[in-house]
Amino acid sequence: MDKIPILKMGQFLLVTIQVDMHDRLAMTLQDDLTRMVGTSGAHGVLIDISALDIVDSFMGRMLSSIASMTRIMDAETVVVGMQPAVAITLVELGLSLPGVLTALNVDKGMEMLTARLGTALGDSKATHEDD
């Protein structure tokens, strides 16, 4: 598989990683996601890693980079479905994944994105009303 599918769901992009990630695939995903955020105007990215048994330091840095890039492009990123062994490995590697929001599953991740989007829209609306 040369690409991970990215689905658009309203104002969000959904990525479900169901294959073992290698470095080239991770880089392609990063490029595809940032491109889609730009072209679709998505305000949220949900990355489901529940099928991954292993996340190495490179993949951890890629998740953090994706979150940073999408944040700059006005979109939040939530990673969901992290297996306990993956969380333990990331902590042991000293990776804190700054800027990456996490949720237990896709439903909780969507709730988080919806709440954050609603708050952001409310904030910008209030700002414009004051003008």
Side-chain angles (χ1 to χ4, degrees):
M1 176 180 276
D2 293 327
K3 292 193 178 234
I4 303 284
I6 302 170
L7 305 174
K8 185 166 186 330
M9 297 178 59
Q11 296 188 36
F12 306 134
L13 298 177
L14 174 62
V15 178
T16 301
I17 302 173
Q18 298 180 351
V19 296
D20 287 333
M21 294 290 287
H22 51 78
D23 294 357
R24 191 178 82 242
L25 187 57
M27 294 293 291
T28 300
L29 176 60
Q30 177 180 289
D31 293 343
D32 291 347
L33 263 175
T34 53
R35 188 175 308 109
M36 273 197 78
V37 167
T39 59
S40 70
H43 291 287
V45 176
L46 191 137
I47 302 174
D48 181 3
I49 63 169
S50 59
L52 296 182
D53 294 324
I54 298 171
V55 174
D56 63 10
S57 61
F58 180 78
M59 184 60 190
R61 285 191 305 273
M62 290 303 297
L63 290 171
S64 186
S65 292
I66 288 169
S68 295
M69 289 176 197
T70 58
R71 193 174 327 102
I72 289 170
M73 299 174 75
D74 194 29
E76 295 283 346
T77 297
V78 178
V79 175
V80 301
M82 188 176 299
Q83 300 293 331
V86 170
I88 291 167
T89 301
L90 290 175
V91 170
E92 288 175 349
L93 291 171
L95 295 173
S96 60
L97 303 180
V100 177
L101 301 171
T102 58
L104 187 59
N105 56 41
V106 172
D107 288 338
K108 297 288 185 189
M110 284 296 200
E111 287 175 15
M112 182 182 287
L113 284 174
T114 301
R116 293 181 75 85
L117 180 60
T119 301
L121 289 176
D123 290 346
S124 68
K125 184 178 178 183
T127 302
H128 293 300
E129 288 174 358
D130 294 340
D131 292 342

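Cluster annotation: Val78 and Ile72 are assigned to distinct hydrophobic clusters (Ile/Leu/Val/Met/Phe/Trp/Tyr, side-chain heavy-atom contacts under 4.5 Å, transitive). Linking ILVMFWY residues whenever their side-chain heavy atoms come closer than 4.5 Å, directly or via other members, leaves Leu95 and Met69 in distinct clusters. Under the 4.5 Å side-chain contact rule for hydrophobic residues, Val80 and Val91 do not share a cluster. In this structure, Leu93 is not a member of the same hydrophobic cluster as Ile88, with clusters built from ILVMFWY side-chain heavy atoms closer than 4.5 Å. Hydrophobic cluster membership is shared by Val86 and Leu63, with clusters built from Ile, Leu, Val, Met, Phe, Trp and Tyr side chains linked at under 4.5 angstrom.
Between Arg24 and Asp2 the shortest side-chain heavy-atom distance falls below 4.5 Å. Residues Val37 and Leu13 meet the side-chain proximity criterion, which asks for heavy atoms closer than 4.5 Å. In this structure, the side chains of Leu14 and Leu46 come closer than 4.5 Å at one or more pairs of heavy atoms. Two residues are said to be in side-chain contact when any heavy atoms from C-beta on lie closer than 4.5 Å; Thr28 and Ile4 fail this criterion. Put simply, the side chain of Leu29 reaches to within 4.5 Å of the side chain of Ile17, judged on heavy atoms. Met62 places none of its side-chain heavy atoms less than 4.5 Å from the side chain of Met21. Here the side chains of Leu33 and Ile47 are in contact, with some heavy-atom distance below 4.5 Å. Considering only heavy atoms from C-beta on, Leu101 comes within 4.5 Å of Glu76 through its side chain.
The distance from the OG atom of Ser68 to the CD atom of Gln30 is 9.5 Å, given to the nearest 0.5 Å. For the atom pair OG1 (Thr16) and CD1 (Ile6), the distance works out to 11.0 Å, reported to the nearest 0.5 Å. The line from CG of Asp32 to NZ of Lys3 is 4.0 Å long, rounded to the nearest 0.5 Å. Note that CE of Met9 is 13.0 Å distant from OG of Ser40, once rounded to the nearest 0.5 Å. Taking CZ of Arg61 as the reference point, atom CG of Leu97 lies at 11.0 Å (rounded to 0.5 Å). With values rounded to the nearest 0.5 angstrom, Met59 atom CE is found 10.5 Å from Ser65 atom OG.
Annotation for Ala75 and Ala42: closest pair CB-O, 3.6 Å, computed over non-hydrogen atoms. A pairwise comparison of heavy atoms in Ala51 and Gln18 identifies CB-CA, 3.9 Å as the closest pair. Nearest approach of Leu90 to Gly60, heavy atoms of both residues: CD2-CA, 4.4 Å.
Within a 6.0 Å radius of CG in Asp31, more than 12 heavy atoms belonging to other residues, nucleotides or ligands are found.
Pairs passing the salt bridge (Lys or Arg N to Asp or Glu O under 4.0 Å) check and including a residue from residues 81-109, sequence neighbours excluded, do not occur.
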Report the C-alpha distance between His22 and Phe58 in whole Å, list the side-chain angles of each, state the deciding distance to 0.1 Å, and finish with yes or no for side chain to side chain contact (heavy atoms under 4.5 Å, CB included).
CA-CA 9 Å; His22 51 78; Phe58 180 78; over 6 Å; no

Between Ile54 and Thr89, is the side chain to side chain contact (heavy atoms under 4.5 Å, CB included) condition met? List the steps.
CA-CA 8 Å; Ile54 298 171; Thr89 301; over 6 Å; no

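Applying the side-chain hydrogen bond (donor to acceptor under 3.5 Å, both in side chains) criterion to Asp48, with sequence neighbours excluded, gives Ser50.
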